[in-house]
Amino acid sequence: MNRIEKVFQNLKQNNEKAFVPYIMAGDGGLDTLAEKITFLEKSGATAIEIGIPFSDPVADGPVIQQAGIRALQAGTTLRGVMAKIAEIRPIVHIPIVFMTYMNPIMAYGIGNFIADASKAGVDGLILPDLPAEEEEIIAPIAERSGIEIIRLVTLTSPIERIQEIAARGKGFLYAVTVNGITGARKGFNEELGKHLEMVKEVSPIPVLAGFGISEPSHVEEMNRHCDGVIVGSKIVDLFESGDLDGIEALIAASKAEKIKL
Amino acid sequence: MTVTYTLPDERGHFGEYGGRYVPETLMQAILELEEEYKKARADKSFQAELQALLKDYVGRETPLYYADNLTKYAGGAKIYLKREDLNHTGAHKINNSLGQALLAARMGKRKIVAETGAGQHGVATATACALLNLECIIFMGEEDIRRQQLNVFRMELLGAKVVGVKSGSATLKDAVNEALRYWVTNVEDTHYILGSVMGPHPFPMIVRDFQSVIGNETKQQYLEKEGKLPDAVVACIGGGSNSMGMFYPFIKDKSVRMVGVEAAGLGTDTEKHAASLTKGSPGVLHGALMYLLQDEHGQIQEAHSISAGLDYPGVGPEHSYLKDSGRAQYESITDEEAMEALKLLCKLEGIIPALESSHAVAYTLKLAPQMKKDEGLVICLSGRGDKDVETVRARLGGEGK
Ligand SMILES: Cc1ncc(COP(=O)(O)O)c(C=O)c1O
């Protein structure tokens with residue numbers, strides 16, 4: 001069983017919600033990666049999403065764009081991140097999920113990338129520019145190597161499509177909470193709760209909400225409707241400003257409420 | 001021998017190229033656009049409405065002009081100019097903008113977003129939106145805003161909102177990024193009028209089809225004038241729309257050589273060029289798999305060209321396919337050569353071409369002398385040079401008289 005499946009099984013047994021923080025690899029230098037990951041694991045993260053910088057990140061808002069630029073300026077490459085993950089994998093116990101765009105992977109070579117990622121101990125892949133229509137190019141080979149494709153469903157996806165997409169995966173389903181790009185939001189559409197519940201209903205795998213979640217109150221709110229949250233821009237921001245307490249507070253908010261059966 | 005050519009396939013692929021590499025949020029809009037476009041294409045009243053506008057509003061058909069002086073100067077094949085510069089708004093871009101604006105209105109989308117490089121696509125889109133009473137927002141790189149100030153003012157005069165883009169190289173590539181981000185955020189009521197044969201399926205097909213009026217007219221006109229098909233067609237390549245519009249109707253006519261001319265900037269042996277087909281490699285950008293300028297790690301490199309409209313580090317998927325298949329040939333022309341060709345066309349023919357189109361003229365000066373005198377070729381003169389007069393003046397610095 002893939003590490004991702006295992007952690008969600010444990011969460012379910014303990015009636016707990018997932019919290020998956022995102023960090024941009026190489027932001028602040030690749031040497032800070034181990035430190036950030038171990039801090040997040042110690043603070044209670046369920047899994048870690050590691051962003052690989054790309055020059056043209058169309059799904060990302062200003063915070064992650066800037067983090068990507070800083071990472072690229074620091075000389076970060078997919079190869080470098082891969083080597084670093086392989087090196088630190090023994091001290092990290094939670095799942096590691098890469099989030100990047102197709103082009104860096106294609107430049108690496110899809111076959112080589114999957115082989116190396118598998119060896120390095122990467123458990124999943126989130127590719128925001130790879131909809132179901134194109135996933136054949138990488139999903140079969142990834143899944144054969146035990147790497148889960150974490151698929152996204154959005155507010156514009158019709159329910160039949162959500163059902164079909166959810167049925168393809170074994171890890172978790174990424175429910176995008178806004179029409180738009182990554183980045184903090186003050187609030188969410190009133191219908192979001194209903195949408196998430198609908199997604200949960202048709203999904204055989206856990207549903208995590210992400211995009212725009214930036215306050216402990218958002219975490220609590222989302223967790224009433226799904227299995228956990230993914231927090232990106234806000235975590236990047238808090239690391240950038242050195243506010244580790246802020247990160248702990250967000251993660252703590254996900255522990256506040258256990259599933260009320 | 002009958003040759004069939006039916007690309008793209010159902011999934012929007014041209015061989016391995018093309019596809020729909022977009023965020024899931026856009027998939028619904030893209031599928032809907034594909035459906036609606038299929039209906040519109042088969043709908044006689046839609047086609048009639050577009051035809052009427054192309055005729056009475058845009059001023060089509062555009063002339064196919066035999067450039068006698070240029071022919072004599074080059075000393076070889078007869079050179080014809082397909083005068084897309086005479087279109088309303090001064091370039092071929094209006095063919096596509098108008099078609100897509102009609103499509104948007106048909107889909108009930110009253111808001112339009114677009115990117116622009118040289119500003120020609122922005123001006124054309126702002127124009128179509130004014131005509132059809134659609135709201136219009138245009139993203140444009142700050143560097144291009146600096147190079148094309150008059151076009152920015154034109155767009156504003158036409159009622160569009162122009163938003164400057166500072167990220168990356170602050171040129172066309174970054175304007176596309178920002179337009180895509182805007183579209184993801186406003187997809188429910190907004191249509192994205194992409195300006196070239198790039199982006200996710202069905203855009204490369206739609207833009208090609210709307211631009212095919214160029215090649216279709218050319219074929220007809222050339223037959224009337226010469227009683228045969230041209231031996232070659234030559235067009236400049238930014239994203240690839242004027243060239244694709246010229247090439248597409250000739251794809252099955254194997255005797256017609258198709259030549260796409262990229263921008264070599266300061267030279268293809270330097271880092272400052274925009275020759276994606278000549279020097280790039282396949283990858284995914286802006287929703288499609290296509291040739292790109294990228295480093296070994298898959299980071300997109302900045303393109304460079306004196307002409308803002310060619311300053312893009314990729315070339316649409318169908319060209320990528322035509323290159324690999326060998327059906328079309330791709331060459332490149334430097335800033336310097338394009339500038340010389342621009343001056344030459346002014347002096348010999350009294351036509352000020354756009355800097356983009358000047359690349360096609362410059363390559364023709366190399367090609368025509370290698371061809372026989374009884375052969376003929378057509379240059380797609382994609383736009384007029386009014387927008388470039390400032391750039392040219394700054395470059396020539398008072399010389400050039
Ligand atoms: C006059 C003119 N020609 C050519 C181009 C290049 O675009 P494409 O390759 O899509 O025809 C532009 C783009 O702005 C243009 O304005």
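Computed from a predicted structure; not experimentally measured. Chain identifiers are assigned alphabetically (A, B, ...) following the order of the sequence lines, protein sequences preceding nucleic acid strands; residue numbering begins at 1 within each chain.
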Close contacts, residues 168-189 of chain A versus chain B, judged by heavy atoms under 4.5 Å: N179(A), G180(A), I181(A)

Could you check if a side-chain atom of E115(B) sits within less than 4.5 angstrom of a side-chain atom of D174(B), using non-hydrogen atoms only? no

Kindly indicate whether the side chain of P313(B), heavy atoms from C-beta on, has any atom under 4.5 Å from the side chain of Q301(B). no

Are any non-hydrogen side-chain atoms of L103(B) and I206(B) less than 4.5 angstrom apart? yes

Report which part of L180(B) has an atom under 4.5 Å of a heavy atom belonging to chain A: side chain, backbone, both, or neither. side chain

Can you tell if the side chain of E271(B) reaches within under 4.5 Å of the side chain of E302(B), non-hydrogen atoms only? no

Taking V165(B)'s backbone N and O only, do any of them form a donor-acceptor pair with E178(B)'s side chain (distance below 3.5 Å, no angle check)? no

By number, which residues in residues 22-38 of chain B have some heavy atom less than 4.5 Å away from chain A? V22(B), P23(B), E24(B), T25(B), M27(B), Q28(B), L31(B)

Do M82(A) and T77(A) have side chains that get closer than 4.5 Å, going by heavy atoms? no

Side chains of E134(A) and R20(B) in contact at under 4.5 Å (non-hydrogen atoms): yes

Has the side chain of Q294(B) got a donor or acceptor atom that lies under 3.5 Å from a matching backbone atom of S281(B)? yes

Under the side chain to side chain contact (heavy atoms under 4.5 Å, CB included) test against M290(B), which residue among V284(B), V197(B), L285(B) passes? L285(B)

Could you walk me through whether I150(A) and I4(A) pass side-chain contact (heavy atoms from CB on, under 4.5 Å), step by step? CA-CA 10 Å; I150(A) 305 301; I4(A) 299 175; 4.1 Å; yes

Test item: I230(A) and I213(A) side chains (from C-beta on) under 4.5 Å apart, heavy atoms: no

What parts of residues 8-18 of chain B touch chain A if we use heavy atoms and a cut-off under 4.5 Å? R11(B), H13(B)

Does E136(A) CD have over 12 foreign heavy atoms under 6.0 Å away? no

Which portion of E135(A) sits near chain B, non-hydrogen atoms under 4.5 angstrom: neither

Mind ranking L72(A), L155(A), V153(A) by heavy-atom pairs under 4.5 Å with chain B and telling me who comes out on top? L72(A)

Against chain A, label E296(B) side chain, backbone, both or neither, depending on which of its atoms sit under 4.5 Å from a heavy atom there. backbone

Can you find a heavy atom in the side chain of R106(B) that is under 4.5 Å from one in the side chain of K39(B)? yes

Exactly one of V207(A), I165(A), I159(A) clears side chain to side chain contact (heavy atoms under 4.5 Å, CB included) with V202(A), and that residue is I159(A)

Residue part contacting chain B, namely of R151(A), when any heavy atom lies under 4.5 Å: neither

Is there a donor-acceptor contact under 3.5 Å from the side chain of T270(B) to the main chain of K272(B)? yes

Start with the C-alpha distance between M222(A) and L196(A), add both sets of side-chain angles, then the distance that settles side-chain contact (heavy atoms from CB on, under 4.5 Å), and finish with yes or no. CA-CA 8 Å; M222(A) 296 298 158; L196(A) 291 174; 3.8 Å; yes

Under 4.5 Å from any heavy atom of chain A, what part of E188(B) do you find: side chain, backbone, both or neither? side chain

State, without any angle test, whether Y192(B) and Q100(B) hold a side-chain donor-acceptor pair at a distance under 3.5 Å. no

Does N186(B) reach the main-chain N or O of W183(B) with its side chain, forming a donor-acceptor pair under 3.5 Å? no

Under a 4.5 Å heavy-atom cutoff, which of S157(A), A132(A), G61(A), P62(A) has the most pairs with chain B? S157(A)

Residues of residues 96-115 of chain A with any heavy atom under 4.5 Å of a heavy atom in chain B: M102(A), N103(A), P104(A), M106(A), A107(A)

Any donor-acceptor pair under 3.5 Å from D27(A) side chain to R70(A) backbone: no

Counting only non-hydrogen atoms closer than 4.5 Å, does L127(A) touch chain B with its backbone (N, CA, C, O), its side chain (CB onward), both, or neither? neither

Taking S325(B) for its side chain and L322(B) for its backbone only, find out whether a donor-acceptor pair lies under 3.5 Å. yes

